[in-house]
Amino acid sequence: MYRVIYASRATAEMSDIELEGLLVEARMRNELEDLTGLLLYFGPDLADAPSFLQVLEGEREAVETVYELIARDRRHRDVRLVAAGDVEERMFPDWRMGLEYVTYDDLARAVPGLGTPDRPLVVMAELVTDPVRAEQLLVTATY
Ligand SMILES: Cc1cc2nc3c(=O)[nH]c(=O)nc-3n(C[C@H](O)[C@H](O)[C@H](O)COP(=O)(O)O)c2cc1C
């Protein structure tokens, strides 16, 4: 199994309908390519949001192919790799692509010490340089 985690900035705020549309596309191809994963959408109440954090997992070739496609998508920019490599097993075997809408409160609860009220969280800057926290956030965001 191979896994990629990346962070990006949404080009514009995404409505629920736009996020749903994105997921329908994503799930179709992920089904064909046997990919699974989770997409976090950080709402505009966070410092450098709206932004995304996504984990994509499956066979290496499929992950790399789809990651290349995603990276070129105009709905986001500043796509930055947080982590990439072989893993023992999938984190989200049951999700062709899950979606979670993350707020500041969720983040503060999920990842203690990641941003504080007097030092607002900067999602991209902090997560891109800290793959362990990024992974922790992906796991805890689903509870
Ligand atoms: C934040 C974000 C996450 C995405 N996640 C996936 C994904 O998991 N799988 C996927 O196939 N496409 C995903 N897409 C959509 C692809 O970029 C692309 O639009 C889609 O695969 C359709 O490609 P096509 O027009 O060549 O069919 C994502 C796009 C964005 C902006």
Side-chain angles (χ1 to χ4, degrees), residues 1-115 119-143:
M1 279 296 127
Y2 191 74
R3 182 180 78 188
V4 156
I5 299 176
Y6 75 84
S8 66
R9 276 171 210 271
T11 311
E13 201 176 319
M14 305 277 294
S15 69
D16 290 351
I17 290 170
E18 286 167 329
L19 284 171
E20 265 309 311
L22 193 158
L23 274 189
V24 169
E25 278 175 38
R27 284 176 179 152
M28 244 171 358
R29 168 150 306 112
N30 293 352
E31 176 85 46
L32 288 173
E33 303 279 359
D34 192 23
L35 296 177
T36 51
L38 175 67
L39 176 65
L40 300 187
Y41 176 69
F42 302 94
D45 62 327
L46 290 162
D48 58 0
S51 54
F52 296 106
L53 182 71
Q54 187 176 30
V55 55
L56 203 59
E57 51 195 17
E59 291 302 323
R60 179 169 184 160
E61 207 181 310
V63 171
E64 288 182 337
T65 302
V66 173
Y67 176 68
E68 289 296 315
L69 269 178
I70 294 173
R72 286 202 299 265
D73 196 307
R74 295 271 177 83
R75 286 169 285 191
H76 61 176
R77 57 197 161 85
D78 298 347
V79 177
R80 286 186 245 166
L81 208 54
V82 176
D86 293 320
V87 287
E88 287 290 311
E89 53 186 23
R90 296 174 191 257
M91 290 168 82
F92 304 104
D94 301 329
W95 292 357
R96 283 300 168 201
M97 189 49 60
L99 174 71
E100 291 287 335
Y101 192 108
V102 179
T103 64
Y104 182 87
D105 289 345
D106 295 332
L107 272 179
R109 230 178 300 120
V111 191
L114 185 73
R119 191 177 62 90
L121 178 75
V122 181
V123 178
M124 291 281 287
E126 298 204 30
L127 293 182
V128 163
T129 54
D130 196 340
V132 174
R133 279 184 162 178
E135 186 174 335
Q136 188 183 359
L137 175 57
L138 284 160
V139 172
T140 50
T142 60
Y143 296 130

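The first residue of the sequence shown is numbered 1, and numbering continues consecutively from there. Atoms within a ligand are numbered from 1 in the order they appear, just like the ligands themselves.
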**Prompt:** So, do R3 and V55 sit near enough that their side-chain heavy atoms are less than 4.5 Å apart?
**Reply:** yes
protein heavy-atom neighbour closest to atom 9 (N) of ligand 1 works out as N30 OD1, 2.8 Å
Contact region, M28 to ligand 1, non-hydrogen atoms below 4.0 Å, reads neither
Run the salt bridge (charged side-chain N to carboxylate O under 4.0 Å, His left out) test on D34 and R96 for me, step by step, so that the C-alpha distance in whole Å, both residues' side-chain angles and the decisive distance to 0.1 Å come before the verdict. CA-CA 8 Å; D34 192 23; R96 283 300 168 201; 3.2 Å; yes
Checking heavy atoms under 4.0 Å, the part of I70 that sits near ligand 1 is both
Quick look: Y6 vs ligand 1, heavy-atom contacts under 4.0 Å, and the answer is side chain
**Q.** Student check: side-chain heavy atoms of R60 and M1 closer than 4.5 Å
**A.** no
Closest to atom 10 (C) of ligand 1 among protein heavy atoms sits A26 CA, 3.4 Å
Separation between CD (E20) and CG (L99), nearest 0.5 Å, reads 7.5 Å
*4.5 Å side-chain heavy-atom contact, L56 and M97*: yes
Atom 22 (C) of ligand 1 has as its nearest protein heavy atom E25 OE1, 3.5 Å
In ligand 1, the atoms that come under 4.0 Å of a heavy atom of M97 are 8 (O)
Looking only at protein heavy atoms, what sits closest to atom 23 (O) of ligand 1 is R29 NH1, 3.2 Å
Note: ligand 1 atoms sitting under 4.0 Å from heavy atoms of V66 are 9 (N), 10 (C), 11 (O)
Exercise. With side chains defined as the heavy atoms from C-beta onward, is the minimum distance between H76 and Y6 less than 4.5 Å?
Worked result: yes
(request) Indicate yes or no: at least one non-hydrogen side-chain atom of L138 is less than 4.5 angstrom from one of M91. (result) yes
Note, R90 side chain near W95 side chain (heavy atom, < 4.5 Å): no
Within the 4.0 Å heavy-atom cut-off, what L35 brings close to ligand 1 is neither
**Study point:** Closer than 4.0 Å: a protein non-hydrogen atom to atom 27 (O) of ligand 1
**Key:** yes
* State, yes or no, whether a side-chain contact exists between V102 and L53 at a heavy-atom distance under 4.5 Å. => no
If you scan protein heavy atoms around atom 30 (C) of ligand 1, the nearest is L22 CD1, 3.7 Å
*asked:* Quick check on E18: does its CD atom have over 12 non-hydrogen neighbours (other residues, nucleotides or ligands) under 6.0 Å away?
replied: yes
Around atom CG of D86, are there more than 12 heavy atoms from other residues, nucleotides or ligands closer than 6.0 Å? yes
A student checking ligand 1 against F52 at a 4.0 Å heavy-atom cut-off should list atoms 1 (C)
In this structure, atom 15 (C) of ligand 1 is nearest to the protein heavy atom D73 OD2, 3.6 Å
heavy-atom search around atom 5 (N) of ligand 1 in the protein gives Q54 NE2, 3.1 Å
Ligand 1 to L56, heavy atom cutoff 4.0 Å, flagged ligand atoms 8 (O)
Numbered in order shown, the ligand 1 atoms found under 4.0 Å of a heavy atom of L69 are 17 (O)
